[in-house]
Undergrad: 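Once you've had a glance at the structure underneath, I'll fire off some questions.
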Amino acid sequence: MKATKDELLKLQNDWVMGTYAPEIMLVKGKGAKLWDADGKEYLDFAAGISVCNLGHCHPRVTEAIQKQAAQLVHVSNLYMNPNQPYLASLIAQHSFGGRVFFCNSGAEANEGMIKFARKWGNPKGKSDIVTMEDSFHGRTLATLAATGRVKYRQGFQPDTQGFTHVPFNNLDALKAACTAKTCAVMLEPVQGEGGIIPVNAGFLTSVREFCDENDILLLFDEVQCGMGRTGKMFGYQHYGVEPDAMSMAKALANGYPLGAFEVQQKYADVLPPGTHATTFGGSPLACAAGIAVFETFDEEHVLDHAESAAAYLWEKLEDLKDTHACVQKIRGLGLMVGVVMDAELPPILAAAKEKGLLALSAGEGVLRLLPPLTISHADIDQAVAILDQVIPN
Ligand code: PLP
């Protein structure tokens with residue numbers, strides 16, 4: 001590529017659709033570090049929005065992608081490739097032993113899971129899905145309709161039919177919203193975009209019971225909270241409540257696009273040949289990256305490290321709360337952390353970036369921290385020191 005940084009900035013302005021407003025151009029990553037086009041170093045507490053959970057360019061994932069790219073990249077799902085069934089078995093082993101459909105993104109995983117629920121409900125006359133207020137399920141039309149946060153749907157009406165939203169963690173509202181036409185209840189075990197809000201254990205147990213009693217499927221969106229983010233491989237595993245189906249994406253291949261949804265074995269025949277498909281999903285290349293991710297989790301004890309890193313980060317953040325009155329509360333699970341603030345977030349995030357720390361916002365007034373699960377104590381110290389400087393007292 002023959003272009004200077006200034007030329008590229010102009011190309012971005014002239015030719016890339018303005019759905020985002022990125023301010024820095026990143027050119028290299030390693031572990032929890034990123035470098036921009038001017039050589040400035042950043043500590044990454046966003047991890048590509050919970051995607052690079054093993055850190056940037058993890059050597060095992062890089063090697064798997066390089067090897068597979070030289071051997072076979074894509075064949076379509078009209079043919080088998082050896083990596084897809086192997087990765088499906090790894091997902092099953094690390095979750096509830098179900099059947100897996102592979103796709104390319106979180107929205108596509110949810111879209112497929114919604115289609116699964118409707119197909120299951122169709123012979124029973126059930127098609128409606130109840131989701132949570134403040135939830136986020138993606139930007140395609142059905143996943144937008146499932147999304148509880150109204151601002152994402154504005155301007156794209158009419159909403160796809162068949163979705164209603166109830167307040168999160170409110171059992172009475174959920175029961176009241178379900179009818180004989182309800183085929184599924186769908187929720188994030190820890191809401192991400194909504195503001196890092198974990199589901200209440202009692203609520204989840206009761207929802208499972210209610211769904212079982214009323215022949216309603218329970219669907220979990222683990223796109224953001226899955227893949228070790230909360231300290232367990234999947235967020236639901238903190239609660240001892242299994243879903244009928246769950247979606248995943250983001251960190252599944254540590255940055256290579258890969259999504260999936262998994263259904264319990266008893267639903268293996270709900271989507272027979274011809275009922276759902278995707279050209280790219282589950283390619284040899286994407287699945288090679290996914291296999292390397294699971295092998296790294298297992299062989300490098302990533303969850304154990306994430307647990308101790310999370311304990312250390314939470315302790316440091318609690319200290320920060322004690323010295324900054326605008327910090328109201330630290331909430332979340334594992335390394336999916338929300339710092340609830342009574343302060344304007346954009347200037348804080350901008351000042352953190354200036355000092356070399358990338359972090360995110362979520363919901364209203366929540367500073368969202370999603371470091372790689374491999375983050376070191378020294379990097380946590382550095383990040384918290386920067387937050388200490390940029391958060392008002
Ligand atoms: N579901 C949840 C919980 C998410 O956080 C996201 C993205 O942030 C999505 C779905 C959509 O995923 P994608 O952007 O890969 O389509």
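Every value quoted in this text rests on a predicted model; they were computed, and no experiment measured them. Both ligands and their constituent atoms are indexed starting at 1 by order of listing. All values below come from the heavy atoms of this structure, side chains included, with hydrogens, waters and symmetry mates left out. Positions are given from 1 along the sequence.
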Undergrad: I need the atoms of ligand 1 closer than 4.0 Å to a non-hydrogen atom of E188, numbered in the order shown.
TA: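 Numbered from 1, ligand 1 contributes 3 (C).
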
Undergrad: Determine yes or no for a side-chain-to-main-chain donor-acceptor pair under 3.5 angstrom, with E262 supplying the side chain and G98 the backbone.
TA: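 Flag set: sc E262 to bb G98 pair under 3.5 Å.
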
Undergrad: So F234 and Y236, would you call those rings parallel, tilted or perpendicular, with 30° and 60° as cut-offs?
TA: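 Parallel, since the angle between the ring planes stays under 30°.
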
Undergrad: Is the shortest heavy-atom distance from the side chain of K316 to the side chain of L387 under 4.5 Å?
TA: no

Undergrad: Nearest protein heavy atom to atom 14 (O) of ligand 1: under 4.0 Å?
TA: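 Protein heavy atom within 4.0 Å of atom 14 (O) of ligand 1: absent.
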
Undergrad: Hey, which atoms in ligand 1 end up nearer than 4.0 Å to a heavy atom of A107?
TA: 11 (C), 12 (O), 13 (P), 16 (O)

Undergrad: If you round to the nearest 0.5 Å, how far is CG of D298 from CE of M233?
TA: 6.0 Å

Undergrad: Is the closest heavy atom of K250 to ligand 1 under 4.0 Å?
TA: yes

Undergrad: For the residue pair Q265 / R99, report whether a side-chain donor-acceptor contact shorter than 3.5 Å exists.
TA: yes

Undergrad: Mind checking whether H137 contacts ligand 1 via backbone (N, CA, C, O), side chain (CB onward), both or neither, at a 4.0 Å heavy-atom cut-off?
TA: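 Answer for H137: backbone.
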
Undergrad: Any atoms of ligand 1 less than 4.0 Å from a non-hydrogen atom of Q224? List them with their elements.
TA: 5 (O), 8 (O)

Undergrad: Can N110 be said to touch ligand 1, with heavy atoms closer than 4.0 Å?
TA: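 Yes, N110 has heavy atoms under 4.0 Å from ligand 1.
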
Undergrad: With heavy-atom distances below 4.0 Å as the criterion, list the atoms of ligand 1 near V223.
TA: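 With V223 as reference, the close atoms of ligand 1 come out as 1 (N), 2 (C), 4 (C), 6 (C), 9 (C), 10 (C), 12 (O).
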
Undergrad: Rounded to the nearest 0.5 Å, what's the gap from CG on L345 to OG on S361? Could you check?
TA: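 Output value for this atom pair is 6.0 Å.
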
Undergrad: For atom 1 (N) of ligand 1, what's the nearest protein heavy-atom neighbour? Residue, atom name and distance, please.
TA: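 For atom 1 (N) of ligand 1, the nearest protein heavy atom is D221 OD2, 2.7 Å.
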
Undergrad: Please report the interatomic distance CG(L320) to CH2(W314), rounded to the nearest 0.5 Å.
TA: 13.5 Å

Undergrad: Provide the number and element of each atom of ligand 1 under 4.0 Å from a heavy atom of E193.
TA: 8 (O)

Undergrad: Please state which protein non-hydrogen atom is closest to atom 12 (O) of ligand 1 and give its distance, to 0.1 Å?
TA: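 That would be G106 CA, 3.3 Å.
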
Undergrad: Taking the side chain as every heavy atom from C-beta outward, state whether D36 and K28 have any atom pair closer than 4.5 Å.
TA: no

Undergrad: Closest non-hydrogen protein atom to atom 4 (C) of ligand 1, residue and atom name please, with distance?
TA: F136 CD2, 3.6 Å

Undergrad: For ligand 1, is there an N or O atom under 3.5 Å from any N or O atom of A249?
TA: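 N/O-N/O distance under 3.5 Å: no.
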
